[in-house]
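In listed order, ligands and their atoms are each counted from 1.
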Amino acid sequence: MAATVAERKLLVDGEWVETGEWQEVRSPYSGDVVGRHPVADAALAGRAVDAAARALAEPLPAHRRAAILDAVAHLLEERQEDLAQTICAEAGKPLKAARVEASRAVSTYTTAASVARTLAGEVVPMDASEAGTGKLAFTIREPIGIVGAISPFNFPANLVAHKIAPALAAGCPVVLKPASQTPLSALFLAELEHEAGLPAGWLNVLVGPASVIGDVLVEDERVKMITFTGSSGVGWDLRARAAKKKVSLELGNSTPVLVEADTDLEDAATRLAQHAFSFAGQSCISVQRIYVRRAAYDDFVARFVPKVEALRVGDPASDETDVGPVIDEGSKERIASWIAEAKQAGATELAGGEEDGLLRPTVLGDVTPDMKVSCQEVFGPVCTVTPYDTLEEALELANGTEFGLQAGIFTGSVDTALAAARALEFGGVVVNEAPTFRADQMPYGGIKASGNTKEGPAYTVREMTEERLVVLSER
Ligand code: NAP
């Protein structure tokens, strides 16, 4: 059956815009055209910033911003299935995972609405020092200004929602550039914001050449903040080029998890088999490196590998599919070459291969820390299993990466969990759940090469507002 082709225009200054040049969006699974959109250029990006500047000059009160966010959440709740189908079609994300993403986007909007309603500064206890006596002081939170938002392909709806919903909560107009491979979900959300009554200029969505639109966001001084989610190389380069702006970065990881012998191995194996391979490992916190206490290693592997082999690989549009394609042929070739390189250097393939032209979930044993599958972000359906003898050794292995987004540990001991939470150099540590876990109100973000910020509407709004102190002198 031929795929439905969605035609979506760009949103600039409250208008749906055509540019005369159209770009097709293709399914990563079948190669079929699933949508098309106009292509933006630098001039249109400039017009989008002009529109955002006009919006900023006419601030919306918090109650209106919150009401719009609630209205989007409501519309999205009604159209979740349409959004899930769009995500599945353009990203090749299995429908069950796409449905979870669509429903999480509802929660991102709902949370942002409540943040908009409760956004406030704080009272400063001025008479706590002699210098402050006779003064009353408080802070207010002012919108930082126009936000340039750049998002990746792997959560094409919810990671867009994590930028545009908090921006509206904070009172900041946005110019959004979604990933070229997956622009349709972002334009779908833009349609809902438009329908929910968002005034012109508050959200502008441009799809086009990354460096052209990126350069406008970097160079236009009216854009005060760039919020970027994507790969480390692009992110840190943007930050270096936009030295005078706030640049918040949500980047990659090489996610480790420790499995202690005192844990429920069946439970750990089940959760990890599911989460190392959801969306074919293309999540920034996909489980990549599993370290298992040597006493439990054989038992864990004997439970884990059959569960991985039982995952269904195939058409993402099927309700039964667990693992679909990676985003493009180039990514598939890179991942396959990393697996081959590891095997050549001595790694053992405990599960893997290809099916239906797709990479099967791959488990590698006998790996060393210097192999690419260990020390770099695979961003594909691959994980490693490695035994350890002491907790210290495991923590050192887990920390032995430039990344620091999220890590995990399975253990029956609170003491061990707390020791690991303190020692793991990551933005988040998840205990007794796969470290792929994220709920949208959580403060989520990395340290080291993984980034410099936290997302989650309340935390993003902090980043997108500036704290201003007001001091009143009592006379
Ligand atoms: P990517 O290649 O870095 O692309 C991300 C976005 O940046 C896309 O919109 C891309 O546009 C744009 N871009 C590329 N070059 C640019 C430039 N010179 N100037 C401005 N924008 C530019 O990343 P991806 O492959 O889409 O996503 C995968 C990466 O994102 C992984 O490393 C993953 O770990 C990370 N990620 C992190 C998080 C987190 O929350 N920490 C969440 C999800 C993903 P085009 O698509 O047009 O090239």
Worksheet, complete the sentence: Min over Phe379, Tyr444, Phe228 of heavy-atom distance to atom 33 (C) of ligand 1 lands on Phe379
Practice prompt. Considering heavy atoms of the protein only, find what lies nearest to atom 45 (P) of ligand 1 and give residue, atom and distance to 0.1 Å.
Written response: Ser180 OG, 3.5 Å
Discussion item. Checking contacts here: is it the side chain or the backbone of Leu159 that comes within 4.0 Å of ligand 1, counting heavy atoms only? Could be both or neither.
Written reply: side chain
Item to complete: Any chance you could lay out the side chain to side chain contact (heavy atoms under 4.5 Å, CB included) test for Lys96 and Asp322, step after step, and finish with the verdict?
Response: CA-CA 8 Å; Lys96 15 185 187 189; Asp322 299 301; 2.9 Å; yes
Fill in: Given Glu81, Gln80, Arg104, the one that forms side-chain contact (heavy atoms from CB on, under 4.5 Å) with Arg99
Glu81
Worksheet, complete the sentence: A student checking ligand 1 against Leu405 at a 4.0 Å heavy-atom cut-off should list atoms 41 (N)
Item to complete: Starting from atom 12 (C) of ligand 1, find the nearest protein heavy-atom neighbour and note its residue, name and distance.
Response: Ile150 CG2, 3.6 Å
Worksheet item: Which of the atoms in ligand 1, numbered in the order shown and given with their element, are less than 4.0 Å from a heavy-atom of Gly214?
Response: 20 (C)
Worksheet item: Taking the minimum heavy-atom distance to atom 5 (C) of ligand 1, which of Thr182, Val218, Thr229, Leu238 ranks first?
Response: Thr229
Discussion item. Does the structure place the NZ or CZ of Lys177 under 6.0 Å from the centre of the six-membered ring of Phe228, at an angle of no more than 45° from the ring's axis?
Written reply: no
Worksheet entry | Test side-chain contact (heavy atoms from CB on, under 4.5 Å) applied to Arg26 - qualifying residues, sequence neighbours left out | Glu24, Val33
Worksheet, complete the sentence: atom 34 (O) of ligand 1 has as its nearest protein heavy atom Glu377 OE2, 2.5 Å
Discussion item. Test of understanding: given a 4.0 Å heavy-atom threshold, classify the contact between Pro178 and ligand 1 as side chain, backbone, both, or neither.
Written reply: backbone
